Colleague: 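First the structure, then my questions, so here it is.
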Amino acid sequence: EVQLVESGGGLVQPGGSLRLSCAASGFTFSSYAMSWVRQAPGKGLEWVSAFTSGSDSTSYADSVKGRFTISRDNAKNTVYLQMNSLKPEDTARYYCKTTLWGLDYWGQGTQVTVSS
């Protein structure tokens, strides 16, 4: 069974940092791309960042470029999102996602709230 479990969210002041984690199981983690996607209150899903499979290639949405860093530890089957210089507009529920055999799998998400 494929499982994605996010953690690390919380309340942080503007300018602060958080590191999100997504622990994966049920598939060969190192062989697949992993993404972070967020949903702000009352808004649609927004792709944030991705780590492509089989390489060290990463990509970022313009809104987070230079502030967020995605990384992965294949030994721990975990993908991370280091978020620095957080802004109120980063407030959202953050999900990790992967696509296996044409199907999308999502975690339950972790809430990030940026507020003073």
Side-chain angles (χ1 to χ4, degrees):
E1 179 188 5
V2 174
Q3 284 194 322
L4 300 172
V5 180
E6 300 95 335
S7 61
L11 173 64
V12 63
Q13 292 187 342
S17 298
L18 283 174
R19 189 177 81 154
L20 307 183
S21 301
C22 172
S25 60
F27 63 103
T28 306
F29 176 79
S30 59
S31 298
Y32 292 92
M34 298 295 299
S35 300
W36 286 96
V37 180
R38 68 186 181 185
Q39 186 169 30
K43 297 188 176 181
L45 294 170
E46 177 190 15
W47 171 80
V48 174
S49 181
F51 218 123
T52 58
S53 62
S55 75
D56 292 331
S57 178
T58 60
S59 55
Y60 299 92
D62 287 344
S63 58
V64 306
K65 199 171 293 182
R67 300 187 298 121
F68 290 10
T69 303
I70 191 171
S71 61
R72 66 193 297 166
D73 185 336
N74 289 334
K76 295 182 178 180
N77 287 358
T78 300
V79 61
Y80 303 97
L81 187 68
Q82 178 67 43
M83 306 186 297
N84 298 329
S85 302
L86 282 162
K87 305 175 181 180
E89 51 263 44
D90 294 318
T91 295
R93 192 162 187 86
Y94 285 71
Y95 300 89
C96 66
K97 168 185 169 289
T98 192
T99 301
L100 309 174
W101 312 290
L103 296 177
D104 289 339
Y105 291 86
W106 299 77
Q108 83 289 350
T110 186
Q111 180 66 35
V112 172
T113 303
V114 185
S115 175
S116 56

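Fair warning: this is a prediction, and the values are worked out from it, not measured in the lab.
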Colleague: Testing Tyr105, Trp106, Trp36 one by one against Cys96 for a side-chain contact (heavy atoms from CB on, under 4.5 Å), which residue passes?
Modeller: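 For Cys96, the side-chain contact (heavy atoms from CB on, under 4.5 Å) check succeeds only for Trp36.
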Colleague: I'd like to check the side-chain hydrogen bond (donor to acceptor under 3.5 Å, both in side chains) partners of Ser17; sequence neighbours left out, ordered by chain and number.
Modeller: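 For Ser17, the residues satisfying side-chain hydrogen bond (donor to acceptor under 3.5 Å, both in side chains) (neighbours in sequence not counted) are Asn84.
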Colleague: Enumerate the disulfide (SG to SG under 2.5 Å) contacts for residues 60-93, please, sequence neighbours excluded, ordered by first and then second residue.
Modeller: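 Every candidate disulfide (SG to SG under 2.5 Å) pair involving residues 60-93 fails, so no pair, neighbours aside, qualifies.
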Colleague: Restricting to salt bridge (Lys or Arg N to Asp or Glu O under 4.0 Å), what partner residues turn up for Arg19, sequence neighbours left out?
Modeller: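 With neighbours one apart ignored, the set is empty.
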Colleague: Who passes salt bridge (Lys or Arg N to Asp or Glu O under 4.0 Å) against Lys65, sequence neighbours left out?
Modeller: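 Asp62.
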Colleague: Hydrophobic cluster membership, with links at side-chain heavy-atom distances under 4.5 Å among I/L/V/M/F/W/Y: are Leu81 and Trp47 in one?
Modeller: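 Shared cluster, no.
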Colleague: Could you grab the distance from atom CZ of Arg38 to atom CG of Asp90, nearest 0.5 Å is fine?
Modeller: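 Rounded to the nearest 0.5 Å, the CZ-CG separation comes to 5.0 Å.
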Colleague: Taking all heavy atoms of Leu4 and all of Ala24, pick out the closest pair and write down the distance.
Modeller: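 Closest pair (atom of Leu4, atom of Ala24, distance): CD2-CB, 3.6 Å.
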Colleague: Examine Val37 and Val79 and state if one hydrophobic cluster contains both, with Ile, Leu, Val, Met, Phe, Trp and Tyr joined whenever side-chain heavy atoms are less than 4.5 Å apart.
Modeller: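 No, separate clusters.
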Colleague: Tell me the disulfide (SG to SG under 2.5 Å) pairs involving residues 62-94, sequence neighbours left out?
Modeller: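 Qualifying pairs, neighbours excluded: none.
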Colleague: Measure the spacing between SG of Cys22 and NZ of Lys97 and express it to the nearest 0.5 Å.
Modeller: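 With rounding to 0.5 Å, SG (Cys22) is 12.0 Å from NZ (Lys97).
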Colleague: Looking at Val48 and Val64, what are the two nearest heavy atoms and their distance?
Modeller: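 Taking every non-hydrogen atom into account, O-CG2, 3.7 Å.
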Colleague: What's the spacing between Thr78 OG1 and Leu20 CG if we round to 0.5 Å?
Modeller: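 Reported to 0.5 Å precision, the distance equals 12.5 Å.
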Colleague: To the nearest 0.5 Å, what is the distance between CG on Asn74 and OG on Ser31?
Modeller: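 The OG atom of Ser31 is 8.5 Å from CG of Asn74, to the nearest 0.5 Å.
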Colleague: For the residue pair Phe29 and Thr98, establish whether any side-chain heavy-atom pair is separated by less than 4.5 Å.
Modeller: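 No; the side chains remain at least 4.5 Å from each other.
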Colleague: Asp73 and Tyr80: which non-hydrogen atoms are nearest, and at how many Å?
Modeller: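 Closest approach of Asp73 to Tyr80: CB-CE1, 4.0 Å.
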Colleague: Taking atom types as modelled, is there a side-chain donor on Ser63 or Glu46 under 3.5 Å from an acceptor on the other?
Modeller: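 Yes, Glu46 and Ser63 have a side-chain donor paired with an acceptor closer than 3.5 Å.
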Colleague: What is the distance from atom OG of Ser30 to atom CG of Asn77, rounded to the nearest 0.5 Å?
Modeller: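 The CG atom of Asn77 is 7.5 Å from OG of Ser30, to the nearest 0.5 Å.
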Colleague: Working to the nearest 0.5 angstrom, can you tell me the gap between Phe68 CZ and Leu18 CG?
Modeller: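 Phe68 CZ to Leu18 CG: 9.0 Å, rounded to 0.5 Å.
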Colleague: Measure from the side-chain N and O atoms of Ser49 to the backbone N and O of Ser59, and report whether any donor-acceptor pair falls under 3.5 Å.
Modeller: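 Yes, the answer is positive, given that a donor and an acceptor are paired below the 3.5 Å cut-off.
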Colleague: Distance-only criterion, 3.5 Å: show the donor-acceptor pairs between side-chain atoms of residues 107-116 and protein atoms not counting sequence neighbours.
Modeller:
residue: Gln108; atom: NE2; partner: Glu6; partner atom: O; Å: 3.1
residue: Thr110; atom: OG1; partner: Gly9; partner atom: N; Å: 3.0
residue: Gln111; atom: NE2; partner: Ala92; partner atom: O; Å: 3.4

Colleague: Is there a continuous path of hydrophobic side-chain contacts, each under 4.5 Å between heavy atoms, that joins Ile70 to Leu45?
Modeller: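 They do not share one cluster, since no chain of ILVMFWY contacts under 4.5 Å joins Ile70 to Leu45.
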